[in-house]
Amino acid sequence: RGAEGELLNEPAAVAARAAALALGEPIPTVDGTTLRIHADTLCLHGDKPGTSDRARAIRAALAAAHVDVRPMGEWIGGV
């Protein structure tokens with residue numbers, strides 16, 4: 001969390017990154033390369049100002065990308 005570019009704070013940028021992760025699209029890394037990650041869950045940390053704005057933007061981006069959003073408990077239980 002200390003290096004330049006490690007954290008995204010702008011809601012639109014965070015939402016775009018979350019949608020790319022959810023869709024398995026390449027995401028940029030700090031060193032300028034790209035990485036594809038297969039993610040079943042996304043975690044948004046709430047310890048910075050503006051978290052609710054980022055959460056709303058993420059939810060909208062995932063809905064626009066037709067990504068199924070469910071409560072975490074449904075994934076943990078294997079449902």
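Taking CG of Leu21 as the reference point, atom CD1 of Ile27 lies at 4.0 Å (rounded to 0.5 Å). Of the inter-residue distances, the one linking Leu62 atom CG with Leu23 atom CG reads 8.0 Å to the nearest 0.5 angstrom. To the nearest 0.5 Å, atom CD1 of residue Ile58 and atom OG1 of residue Thr51 are 9.0 Å apart.
No more than 12 heavy atoms of other residues, nucleotides or ligands sit less than 6.0 Å from atom CZ of Arg59.
In this structure, Pro26 and Ala20 approach most closely via the heavy-atom pair O-CB, 4.4 Å. For the residue pair Pro11 and Arg54, the shortest heavy atom distance occurs at CA-CG, 4.0 Å. Across every non-hydrogen atom of Ala57 and Ala15, the tightest pair is O-CB, 3.3 Å. In plain terms, the two heavy atoms of Glu25 and Arg36 that are nearest each other are CA-NH1, 3.9 Å.
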